[in-house]
Amino acid sequence: MTEHSYQPAEIEAKWQARWEATQLYRSTVDWSKPKHYALTMLPYPSGDLHIGHWFAMTPSDARARYMRMKGYNVLFPMGFDAFGLPAEQAAISRNIHPWKWTYANIERMRAQLKSMGNMFDWQREIVSSVPEYYKWTEWFFKRFFENDLAYRGEALVNWSDALQTVLANEQVIDGKDERLGQPVVQKLMTQWFFRYTRYADEMLNFDKLDWPEPIRNSQTNWIGRSEGAKVTFKALTSHGEQPLVVFTTRPDTLWGATFMVLAPEHPLVDALTTPEQRDAVEAYKAATARATEIERLSTEREKTGVFTGGYAINPVNQKRIPVWIADYVMISYGTGAIMAVPAGDQRDFEFARKFGLEVVPVVQPADQPPLNGATMAEAWEGAGVIVNSDWLDGTLSNGEKGRKNPAIAAVIDWLEAQGIGSETINYRLRDWLISRQRYWGSPIPIVYDPQGQPHAVPDEELPVELPEDVDFVPTGRSPLTYHEPFFKYKDGWRRETDTMDTFMCSSWYHLRYLSPHCDHAPFDPEEAAYWLPVDTYTGGAEHATMHLLYARWFNKAIRDLGVFDEAKKIAAAHGRSVDGLFDEPYLQLRNQGQVLGGKRIGDYVVCRGRREGGKLYADHVEVIAPIDAPTTDDPTVVHGELMKRVEHTLFVGEAMQLVELVAGGTVSIPDIEGENNVNQLKQHLEVMRMSKSKGNVVNPDELVRKYGADTVRAYLMFAFDWQMGGPWDEANVVGVTRWLDDTWALVHATVPPTGDPAAERDLIRAAHQMIDRVGSSLERFSFNTAVAGLMTFRNALKAALREGQIGRAAFEEAVSVYLRCMAPITPHIAEELWEHMGWPYSVHTQPFPEYDPEKAKSDMVELVVMVNGKPREKLLVPVGIDEAQAEALALASEAVQRHLNGSQPKRVVHIPARGGQEPKVNLVL
RNA sequence: GCCGAUGUGGUGAAAUGGCAGACACGACCGCCUCAAAAGCGGUUCCGAAAGGGUGUGGGUUCGACUCCCACCAUCGGCACCA
């Protein structure tokens with residue numbers, strides 16, 4: 001027995017205080033050591049830390065700690081993304097200033113974050129809403145403005161009535177804002193933009209990045225690059241000939257363009273429309289404007305459109321073709337106008353058939369009878385040979401996009417020579433709209449002269465401070481427009497009164513951690529030279545096309561403005577390779593999954609038996625489809641969804657009727673063959689996102705009080721694959737509780753001075769297998785197998801100590817390895833037990849144990865004997881057994897003899913032991 | 001429609017192309033106890049066994065949860081994108 005048991009509350013408070021007092025997690029530049037910048041996404045100070053924060057941050061901490069023990073100088077900072085709409089919304093509904101609300105939340109959340117026991121260096125904390133921080137957000141804006149990366153422009157923008165502000169494209173999902181899910185409308189407004197598309201191509205290149213495929217895929221889709229050409233048609237308008245430019249990815253089909261379609265909002269529509277068509281066109285435009293607000297998204301909709309009465313000249317063959325308007329052409333993509341090639345594009349084909357327009361085939365697929373424009377049933381979008389196209393006839397159009405297609409390459413060259421078109425890359429990506437008509441954000445450091453021209457405020461006036469005494473109730477205009485002391489700059493000059501999108505603040509926070517109080521630059525170049533770029537970034541996948549893309553753009557933009565130049569010189573002076581060093585902000589990215597609230601539909605059961613009191617004693621329970629539910633009111637039958645089960649007691653249906661399965665009672669589940677068992681029944685469990693309204697929020701503070709931080713950490717790491725997440729189920733915490741209780745007792749055990757060498761060798765072998773397992777698991781973010789490796793060792797240590805054959809020296813060696821392997825995952829108990837062993841502070845500054853394959857090896861192994869790839873027998877053999885011996889033993893084995901039945905194997909494959917696996921012999925019959 | 005991810009026991013889940021189900025929860029049996037809890041020991045994919053099992057159907061391979069093709073289901077990104 002131990003003198004006292006494991007009391008997490010005591011030891012966690014004690015060690016957190018000691019770590020802070022000794023500055024154990026202070027990270028400073030040290031050029032003699034390799035660095036590792038581990039970053040986890042900073043929280044928004046919305047009130048309380050939830051279990052998702054723990055799930056994101058504590059495994060990230062374990063990884064950072066592991067890297068530190070592996071010899072890296074690790075930076076693992078934390079801060080608060082403190083500007084933004086939620087603070088303002090909360091402030092409005094509670095009538096409290098956003099400033100007060102935000103800072104109160106930060107106080108609270110900082111304490112909660114500290115309870116995790118993470119190795120955050122709190123001296124590097126940042127808060128994005130303090131002037132010390134946003135001075136530099138403004139400074140970056142100013143640099144962008146001065147270098148034509150920020151501009152003021154009029155554009156159709158996303159306007160949210162609910163939020164009373166404009167939003168970036170990224171913040172609009174299916175026509176609704178991402179915060180409240182309220183409709184967003186298109187409005188023509190003058191706003192601030194960043195030249196996002198300037199880096200589109202570079203952002204499509206992920207060569208330097210170790211990022212998850214789904215994120216790269218989302219970003220690639222979001223940027224939406226397509227190769228093609230711009231071609232200038234001649235519009236015959238009421239004001240004479242006017243150029244009408246279209247973007248096409250299929251310039252090889254130009255000769256098949258038999259009409260044109262413009263988006264109803266296109267500027268040339270009015271000039272093209274003839275008096276006879278005027279009414280129809282106006283009516284269609286009005287209808288489109290209405291439809292935009294509802295749902296213009298539906299892919300299945302039948303084509304609609306109206307003839308403008310006007311014509312254009314196809315520049316390749318001088319053909320006069322009609323110009324239509326239709327809502328399937330989007331004003332926001334390409335040039336808002338298309339050449340329609342009905343024979344080669346299914347949408348154009350449908351449109352042509354509906355309105356009786358001409359179809360001229362220009363790509364003739366091989367192995368098919370010649371296409372006939374009048375009779376073909378659908379467009380041919382694939383490869384083929386060009387026809388009906390003058391000089392291009394006979395060229396191969398191989399189905400590729402861009403210059404890889406010979407026909408497209410030939411046409412582009414020709415268009416450029418003729419001066420009627422040019423090769424063009426078009427992006428789905430729009431420029432980044434960063435102005436917001438709200439109060440709680442970083443001011444935009446711009447002033448307007450009396451003529452309304454924007455000028456940047458001088459550097460010495462930065463930061464433009466956000467005034468506090470503002471009436472911030474939203475009116476559709478920035479609250480700052482009502483604050484005269486703020487907007488009045490000098491005679492006749494006005495300040496910009498919009499504020500910046502908070503994604504601007506979070507695009508560079510990883511730089512401010514480097515030197516949060518630096519007052520002459522956004523960051524100290526020496527710190528940047530050492531720490532940048534971020535080596536490992538962890539956080540949620542929901543930021544794929546927002547924060548993670550903005551931050552990449554931001555990084556590339558400031559790199560080209562020379563912001564990293566000095567850091568680059570310093571890094572080079574220390575012998576670091578600086579080529580491309582600052583091209584990307586985050587080298588490795590890993591996304592955690594989500595902890596959900598629980599879901600599973602229970603089996604629909606029919607229980608039959610005898611009723612006694614309020615209970616049914618069932619001798620048979622059958623799982624059926626709910627549709628087959630009996631319609632009887634027989635009291636000896638209970639049916640419904642299985643909501644819950646405790647041993648042999650079932651709770652059935654919404655009414656939770658009690659059913660007791662009697663001894664010898666049977667269960668039948670048609671999906672599972674054979675005789676079924678009561679514990680095979682599926683019970684109802686709700687899985688959904690945790691939210692306050694659903695009342696399924698798990699409060700981490702309570703869990704910490706109940707189990708301790710180490711248990712919560714380890715359980716979150718153990719419960720699911722970290723990159724997948726899953727439903728929260730507190731019932732399983734007990735496995736981790738037992739593990740730590742056991743560990744406590746085992747390390748406190750009394751052991752004899754000497755033991756049995758064989759048993760000791762076995763224990764040390766188990767320890768080295770653990771090192772390998774825990775280390776490689778943490779390396780690849782596989783936290784659940786790391787914990788499993790530790791538990792496996794616990795089992796070995798427990799069994800060994802029970803036998804009483806472990807001596808003091810072997811015990812200490814094993815415990816030393818064990819505690820150092822535990823330290824990244826459960827830092828408090830590891831530290832406490834390390835101290836208990838009498839070893840010097842701190843376990844966290846110890847090296848991670850070195851894996852010794854020799855010590856991990858055993859003397860005997862199981863030789864796996866396989867027949868046609870199926871394992872049939874295992875033979876215990878000495879570890880160094882050679883191929884001939886192994887094959888002879890395998891051939892002689894009982895199972896093989898049975899399978900051979902007197903014949904000879906066709907082939908014998910020997911698979912030697914490697915990578916900790918057993919040797920195998922496969923016999924092919 | 002295009003692109004991507006996922007699919008394994010009663011449950012959470014493991015498995016560089018090499019013993020499928022490690023580790024844990026639950027359940028069952030036993031020990032301990034006057035009793036219960038805790039604890040301890042054992043069993044737990046199906047099958048008596050031979051053998052069969054990783055969403056379905058093919059393929060590659062001596063050998064496939066893993067690689068390839070097609071399909072089904074769920075989730076995510078893009079979407080009348082020219």
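Computed over heavy atoms, backbone and side chain alike; hydrogens, waters and symmetry mates excluded. Within every chain, numbering begins at 1; the chains are lettered A, B, ... in the order of the sequence lines, protein sequences first and strands thereafter.
No hydrogens or angles were tested; on distance alone, a donor-acceptor pair under 3.5 Å links the side chain of A/Lys303 to the base of B/rC80. Side-chain atoms of A/Arg773 and base atoms of B/rA22 include a donor and an acceptor less than 3.5 Å apart. Under 3.5 Å, the side chain of A/Asn732 and the base of B/rC25 form no donor-acceptor pair of N or O atoms.
Between A/Phe720 and A/Val864, the residue anchored nearer the 5' end of RNA chain B, judged by the nucleotide with its closest heavy atom, is A/Phe720. Between A/Asp742 and A/Gly725, the one whose closest nucleotide on RNA chain B sits nearer the 5' end is A/Gly725.
Here A/Lys798 lies in heavy-atom contact (under 4.0 Å) with sugar-phosphate atoms only. Among the protein residues, A/Trp739 comes within range of no part of the nucleic acid, since none of its heavy atoms lies under 4.0 Å from any strand. Within 4.0 Å of A/Gly593, counting heavy atoms only, lies no atom of the nucleic acid at all. Using a 4.0 Å heavy-atom criterion, one finds that A/Lys874 contacts the bases of the nucleic acid, with or without backbone contacts as well.
For B/rA22, there is no paired nucleotide, since no Watson-Crick or G-U wobble pair has both relevant distances below 3.5 Å. Using Watson-Crick or G-U wobble geometry with both donor-acceptor distances under 3.5 Å, B/rG63 finds no partner in any strand shown. Base pairing analysis places B/rG39 opposite B/rC31; the two distances defining the Watson-Crick or G-U wobble pair are each below 3.5 Å. B/rA13 is unpaired under the criterion used here, namely a Watson-Crick or G-U wobble arrangement in which both key atom distances are under 3.5 Å. The nucleotide B/rA82 finds no pairing partner, because no Watson-Crick or G-U wobble arrangement with both distances shorter than 3.5 Å includes it. Nucleotide B/rG51 forms a pair with B/rC46, judged by Watson-Crick or G-U wobble geometry with both contacts under 3.5 Å. Pairing for B/rC75 is with B/rG4, a Watson-Crick or G-U wobble pair whose two hydrogen-bonding atom distances lie under 3.5 Å.
A/Ile911 has its CD1 atom 12 Å from the P atom of B/rA64, to the nearest Å. For A/Arg347 and B/rC81, the CZ to P distance is 4 Å, given to the nearest whole Å. One atom, CZ of A/Arg225, and another, C1' of B/rC3, lie 17 Å apart when rounded to the nearest Å. In this structure, the CG atom of A/Leu254 is 16 Å from the P atom of B/rA82, given to the nearest Å. Atom CD of A/Glu730 and atom C1' of B/rG26 are 16 Å apart (whole Å). Taking atom CG of A/Leu875 as the reference point, atom C1' of B/rC19 lies 12 Å away to the nearest angstrom. In this structure, A/Glu542 atom CD and B/rG4 atom C1' are separated by 17 Å, rounded to whole Å. The CD atom of A/Glu213 sits 7 Å away from the C1' atom of B/rG4 (whole-angstrom rounding).
Side-chain contact, A/Asp742 with A/Tyr6: no donor N or O sits under 3.5 Å from an acceptor N or O.
Set against B/rG18, B/rC23, B/rA82, the side chain of A/Asn795 has B/rC23 as its closest nucleotide. Closest approach to the A/Val734 side chain among B/rC62, B/rA15, B/rC25 is made by B/rC25 (side chain taken as heavy atoms from C-beta onward). Residue A/Asn217 places its side chain closer to B/rG76 than to any other of B/rG76, B/rC81, B/rG18. Out of B/rG18, B/rA13, B/rC80, the shortest distance to the side chain of A/Met866 is found at B/rG18. In the set B/rA24, B/rC62, B/rA82, the nucleotide with an atom closest to the side chain of A/Arg794 is B/rA24. Set against B/rA24, B/rG18, B/rA13, the side chain of A/Phe718 has B/rA24 as its closest nucleotide. Taking every side-chain heavy atom of A/Asn221 into account, B/rC78 is the closest of B/rC62, B/rC78, B/rC23.
A/Asn922 has no side-chain polar atom (N or O) that falls below the 4.0 Å cut-off from OP1 or OP2 of B/rG18. Taking side-chain N and O atoms only, A/Arg780 has no distance below 4.0 Å to OP1 or OP2 of B/rA14. OP1 or OP2 of B/rC3 has not a single side-chain nitrogen or oxygen of A/Arg216 nearer than 4.0 Å. Taking only side-chain nitrogens and oxygens, A/Arg872 never comes nearer than 4.0 Å to OP1 or OP2 of B/rC19. A/Lys870 has no side-chain polar atom (N or O) that falls below the 4.0 Å cut-off from OP1 or OP2 of B/rC19. In this structure, A/Arg428 reaches the B/rA79 phosphate: one of its side-chain N or O atoms is under 4.0 Å from OP1 or OP2. The shortest distance between the side-chain N/O atoms of A/Ser218 and the OP1/OP2 oxygens of B/rC3 is not below 4.0 Å.
For A/Phe351 and A/Trp324, the gap between ring centers is short of 6.0 Å. For A/Phe55 and A/Phe720, the ring centers sit closer than 6.0 Å to each other.
Spacing of C1' atoms, B/rA48 relative to B/rU61, comes out at 35 Å, to the nearest Å. With both ends at atom C1', the span from B/rC80 to B/rG63 equals 49 Å, rounded to whole Å.
Ring geometry for A/Tyr715 against A/Trp728 counts as perpendicular: the plane angle is over 60°, on a 0 to 90° scale with 30° as the lower cut. Aromatic ring pairs are classed by plane angle as parallel below 30°, tilted from 30° to 60° and perpendicular above 60°; the pair A/Phe783 and A/Trp722 is perpendicular. Using cut-offs of 30° and 60° for the angle between ring planes, the A/His543 and A/His547 rings count as perpendicular.
Using a 4.0 Å cut-off between a side-chain N of Lys or Arg and a carboxylate O of Asp or Glu, A/Glu918 and A/Lys920 do not qualify as a salt bridge. The pair A/Arg353-A/Glu350 does not meet the salt-bridge criterion, since no charged nitrogen lies less than 4.0 angstrom from a carboxylate oxygen.
With a glycosidic angle more than 90° from 0, B/rG59 adopts the anti conformation.
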